[in-house]
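A short worksheet on the structure shown next.
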Amino acid sequence: MNKKRALTFITALTLGLTSLSFTAAYAAEDKTAVSASSASDNKLDAEKFYVVVGTYENKYTQLKYVYPKSNTEYTGDKVVWENAPADLSYGDVLVSEGNEKKTLVYSAPDNPVYAMASYYKLDDSAVLNKVGNCSDLMDSKELTVTSAMYDGSGHWSIHLSDADGKEYYYGYNFYASTLGVDLGSSNKGDKYQFAFNDGKLVVPLSKKNDAETAATVTDKTQDNSYWIFYKDIDTKDIDETVAEKVHDYTYSLYEQGLGGTEVEKKVADYSQEIRLGLLKEAYKEASAKIVKELGIEGTEVFCSNYTATIVCKLTDEQYAKAQKSENIGQITVFSDFTLEPQTELTDKNSLIEFFTTDSEGKPLLSDDVKIDAVLNSGKNKDTDYLIIYGLSDKQEISPIVKKLNTDSRFSWGTPIDIFSGGIFYTTATKLPVKNNVQLIVFVDDTLPGFTSYDIARYSEEVGFDARPYIISRGDTNGDCSIDAVDASNILSAYAKVQTSNDYSLTAAEIKKMDVNGTGTIDAVDASIVLSYYTYIATGGNNMLKDFIKEHYVF
């Protein structure tokens with residue numbers, strides 16, 4: 001049976017062994033930036049150093065900048081070196097004179113899930129000296145995975161222990177990374193060889209063969225980890241603070257004489273950066289209260305900075321307390337999610353059935369919820385989308401996802417903010433699909449995205465035409481556009497209703513034609529549709545319901 005992917009949304013991670021070669025296809029031609037030197041005593045004495053760990057976006061060398069966090073522990077930064085030579089391998093150790101420049105870069109500021117994913121870009125003038133490889137310069141120790149936790153927004157927290165029971169932690173953000181040895185695919189009980197320098201953990205060197213690690217895990221109730229989904233934070237104060245800061249920032253930009261287009265872009269970036277920072281602090285404070293309330297202690301607790309989620313072990317007493325807490329909405333066992341299906345899901349209907357029914361085949365959603373799926377989509381045609389649509393308000397999104405999360409085989413991680421067209425990623429480690437699987441929930445007649453994408457741009461991002469799942473009101477003939485034909489259809493229906501006792505409209509037809517929401521179909525509805533058609537034809541991009549709110553009073 002083919003080995004399944006660790007997480008369905010990790011599109012580029014590959015598991016290597018002790019060495020990862022980098023081809024000249026993405027390396028700089030200038031190889032003078034690295035000079036070779038030797039460590040005669042076969043020991044690394046540098047306090048701070050870089051280690052080659054993989055590639056970024058499959059073309060740039062990714063490094064881990066390692067430096068002391070304490071006398072017993074290192075910490076590390078994700079660093080991308082665009083000018084690296086082609087002859088580096090996984091685990092190579094590089095040192096510098098300490099004057100290299102690094103710039104913080106946010107990888108995907110417009111992505112609602114990965115908006116805080118970042119790395120440091122190494123300046124083109126940086127000079128790093130290769131001193132050897134971790135396997136030669138450092139000690140090694142075998143560690144066993146005790147838990148692998150994912151926060152739903154790009155960050156893995158791996159807890160490990162050695163033969164003596166001493167605990168270790170290894171964390172990293174995988175966004176756009178292809179790692180030589182990736183622990184994101186690990187399960188409890190997996191064994192890895194790690195490099196240690198001066199008694200401190202550095203990077204994984206290799207994973208032991210599956211045959212060597214088989215049958216090492218026992219299922220004990222007291223060892224269970226749990227997803228804790230607590231009540232989400234109230235963003236009202238955050239929104240007000242952001243609005244004030246954005247107002248002042250916008251004014252300052254115009255004072256600098258910047259043009260409207262440049263101001264709009266800078267304000268959008270600034271607004272999101274400020275809001276995400278405030279959200280991070282708010283989630284950090286909220287999760288700390290839950291941890292304190294339940295009396296959770298120890299290292300094996302992960303609190304997401306971007307979602308109302310905690311992953312941790314609970315005693316029976318803590319579990320009982322969590323169930324009674326008014327601040328906690330749901331508790332789910334965090335397991336390895338190991339599934340061993342006989343066949344992969346290769347058609348739309350089987351994918352929908354798998355993700356919308358529980359392990360006993362019972363539906364997780366009510367019959368009135370509209371469900372669809374689009375396979376082999378996305379920019380690289382490697383994503384399967386489960387689509388929920390037809391919702392009337394974004395407040396309906398969270399309850400839908402919560403119902404889908406009642407199946408313990410997998411869980412959909414929550415984005416930083418909830419909005420129509422937002423993407424949810426499954427936290428299951430093994431699924432019966434060859435592609436990545438993502439959940440999208442649409443609200444009728446609502447522009448998708450954190451910053452309200454126009455539908456064409458959004459469709460390009462996801463790789464399929466999103467209009468059928470968004471446009472509803474006013475689209476009388478189902479062609480995913482609102483134009484003069486729809487206005488004519490509304491007038492025709494109005495005339496038939498007025499002149500024939502035998503003619504009536506279905507509830508679905510009324511919903512589409514009664515664009516102003518008065519409960520009746522008349523010439524006013526047709527007139528609004530014509531006006532909206534003119535608005536769109538002259539460059540307008542609001543949805544019909546927003547256009548009506550702005551231009552009409554009923």
Side-chain angles (χ1 to χ4, degrees), residues 6-7 10 13 15 48-49 51 53-54 62-79 91 116-119 134 138-175 177 179-208 213 217 223-228 280 283-284 287-288 290-291 296-307 309-314 334 336 427 429:
L7 280 179
I10 305 178
L13 297 183
L15 186 64
K48 304 175 183 179
F49 52 92
V51 179
V53 293
Q62 181 172 320
L63 309 173
K64 180 178 181 180
Y65 178 52
V66 182
Y67 53 95
K69 181 179 181 181
S70 66
N71 291 331
T72 59
E73 186 179 3
Y74 281 127
T75 189
D77 295 333
K78 181 176 181 177
V79 176
M116 294 304 292
S118 63
Y119 64 89
C134 286
M138 302 179 188
D139 297 326
S140 68
K141 180 186 290 190
E142 182 181 285
L143 302 181
T144 302
V145 175
T146 57
S147 67
M149 303 178 183
Y150 177 71
D151 76 339
S153 57
H155 191 273
W156 274 102
S157 292
I158 313 296
H159 292 272
L160 312 105
S161 64
D162 62 17
D164 298 324
K166 185 176 180 180
E167 296 181 344
Y168 299 88
Y169 169 80
Y170 192 77
Y172 63 96
N173 188 293
F174 68 77
Y175 183 82
S177 300
L179 304 177
V181 181
D182 170 49
L183 275 69
S185 59
S186 62
N187 296 311
K188 183 178 179 181
D190 286 349
K191 297 180 183 297
Y192 288 83
Q193 204 71 19
F194 269 82
F196 277 76
N197 187 56
D198 195 26
K200 297 187 283 288
L201 183 149
V202 182
V203 294
L205 294 175
S206 64
K207 180 181 180 181
K208 295 199 68 175
T213 60
V217 183
D223 287 337
N224 277 346
S225 292
Y226 295 88
W227 288 99
I228 298 176
K280 180 179 178 180
Y283 278 119
K284 190 175 182 180
S287 61
I290 298 294
V291 169
I296 300 170
E297 298 178 349
T299 58
E300 289 197 31
V301 53
F302 182 84
C303 301
S304 174
N305 287 330
Y306 311 120
T307 61
T309 308
I310 298 172
V311 180
C312 64
K313 289 185 176 181
L314 295 175
F334 179 93
D336 290 336
T427 54
T429 56

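In this text, all values refer to a predicted model and were calculated from it rather than measured experimentally.
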With rounding to the nearest 0.5 angstrom, report the [atom1] to [atom2] distance, [X] to [Y].
{"X": "K284", "Y": "C303", "atom1": "NZ", "atom2": "SG", "answer": "10.0 Å"}
{"X": "K191", "Y": "S206", "atom1": "NZ", "atom2": "OG", "answer": "13.0 Å"}
{"X": "L160", "Y": "L201", "atom1": "CG", "atom2": "CG", "answer": "7.5 Å"}
{"X": "I228", "Y": "T309", "atom1": "CD1", "atom2": "OG1", "answer": "10.0 Å"}
{"X": "F196", "Y": "L205", "atom1": "CZ", "atom2": "CG", "answer": "10.0 Å"}

Considering the options Y168, Y192, Y170, which one meets the side chain to side chain contact (heavy atoms under 4.5 Å, CB included) requirement together with L143?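 Of Y168, Y192, Y170, side chain to side chain contact (heavy atoms under 4.5 Å, CB included) with L143 is met by Y168 alone.
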
Indicate the atoms forming the closest heavy-atom contact of [X] with [Y], along with that distance.
{"X": "V203", "Y": "C134", "result": "CG2-SG, 4.0 Å"}
{"X": "K64", "Y": "V53", "result": "CB-CG1, 3.9 Å"}
{"X": "I296", "Y": "C312", "result": "CD1-SG, 3.6 Å"}
{"X": "Y67", "Y": "K48", "result": "CB-CG, 3.7 Å"}

Looking at F194, Y65, F49, which one forms a ring pair (Phe, Tyr, Trp, His ring centres under 6.0 Å) with Y74?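 By the ring pair (Phe, Tyr, Trp, His ring centres under 6.0 Å) criterion, Y74 pairs with just one of F194, Y65, F49: F49.
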
Expected output: side-chain S177 to main-chain L179 donor-acceptor under 3.5 Å: no

Whether T146 side chain and H159 backbone form a donor-acceptor pair below 3.5 Å: yes

Between Y119 and N173, do the side chains contain a donor N or O and an acceptor N or O under 3.5 Å apart?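 Y119 and N173 do not have a side-chain donor-acceptor pair below 3.5 Å.
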
Donor on one side chain, acceptor on other, K313 and S147, under 3.5 Å: no

Tell me every residue that passes salt bridge (Lys or Arg N to Asp or Glu O under 4.0 Å) with D198, counting only those two or more places apart in sequence or in another chain.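 Salt bridge (Lys or Arg N to Asp or Glu O under 4.0 Å) check on D198 returns K200.
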
